[in-house]
Amino acid sequence: AKTELGVSIDTDQFFEVKDFVNACDANGMNAPIKCEFLHRTKEMDAVCKSIADNVITVLTGPSGIGKTRLAVEVCCRYDREKYKVYCVRSNGNSLYEDIRYYVDSPGNYLIFFDDANTVFSLECVINALLKLPQGYQVKILITVRDYAKERVINTISKYSEYGNVEIGPFEEKEVKDILRTDLGIL
């Protein structure tokens, strides 16, 4: 519709995994996401277990610790399974119509909200996703920085039990390996 009529069918917040990575890397402000995934196997397993056990999984940690990169890797894993995976990057607009457009038929969905504290009307979004008719199985993965963790968890806990995975810092040798492998430094 956008190409032919100049009318958007969405608010440019829902992405397939590959397109999300490209959009994040295009701004040049954050650490690149399109890089080799290293040294987070234990955390990856914890997130996947939490998704299996809970409707909502929250990745928390300080800014720049690697929450988004870990979540993208989890999304890639689920994308290869029997899930429709969408990554959401908020631009401040309502997501209601996007949800109706992308979550359009019964099935298994994994919806990843990056920096969930920036999502417009997060409470309404969670409510809409969790009240879909029978046949829709929606799992929600969100990242949130430490400073907004309490507010986001208070919001989501009204609707569902959740799992929380805290992301800690890399060890010094892991940082050096990442700098060498992904950035060609050292």
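None of the values given here were measured: they were computed from a predicted structure. Index from 1, following the sequence. Side chains are part of it too, since the values below use all heavy atoms of this structure and drop only hydrogens, waters and symmetry mates.
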Test item: side-chain donor near acceptor, Asn22 and Lys34, under 3.5 Å: yes
Counterpart residues, side chain to side chain donor-acceptor pair (under 3.5 Å), relative to Thr155 (two or more places apart): none
Which heavy atom in Asp146 sits nearest to a heavy atom in Pro62, and how many Å separate them? OD2-N, 3.4 Å
Is the shortest distance from a Lys or Arg side-chain nitrogen in Glu166 or Lys149 to a carboxylate oxygen in the other one below 4.0 Å? yes
Tell me the salt bridge (Lys or Arg N to Asp or Glu O under 4.0 Å) pairs involving residues 118-128, sequence neighbours left out? Glu123-Lys158
Who pairs with Glu172 by side chain to side chain donor-acceptor pair (under 3.5 Å), at least two apart in sequence or on another chain? Lys176
What distance separates Asn164 CG from Ser50 OG, expressed to the nearest 0.5 Å? 8.0 Å
Output for pair (Arg40 CZ, Ile178 CD1), nearest 0.5 Å, gives 7.0 Å
Quick test of your reading of the model: are Arg69 and Glu73 salt-bridged, counting only N-O distances below 4.0 Å? yes
Joining Ile, Leu, Val, Met, Phe, Trp and Tyr whenever any side-chain heavy atoms lie under 4.5 Å apart, the cluster holding Phe112 also takes in Phe15, Val17, Phe20, Val21, Ile33, Phe37, Met44, Val47, Ile51, Leu59, Ile65, Leu70, Val72, Val74, Tyr78, Tyr83, Val85, Leu110, Leu141, Val165, Ile167
Going by side chain to side chain donor-acceptor pair (under 3.5 Å), name the residues that satisfy it together with Lys49, two or more places apart in sequence or in a different chain. Asp53
What pairs meet the ring-ring contact (aromatic ring centres under 6.0 Å, His included) rule with one or both residues in residues 140-177, with sequence neighbours excluded? none
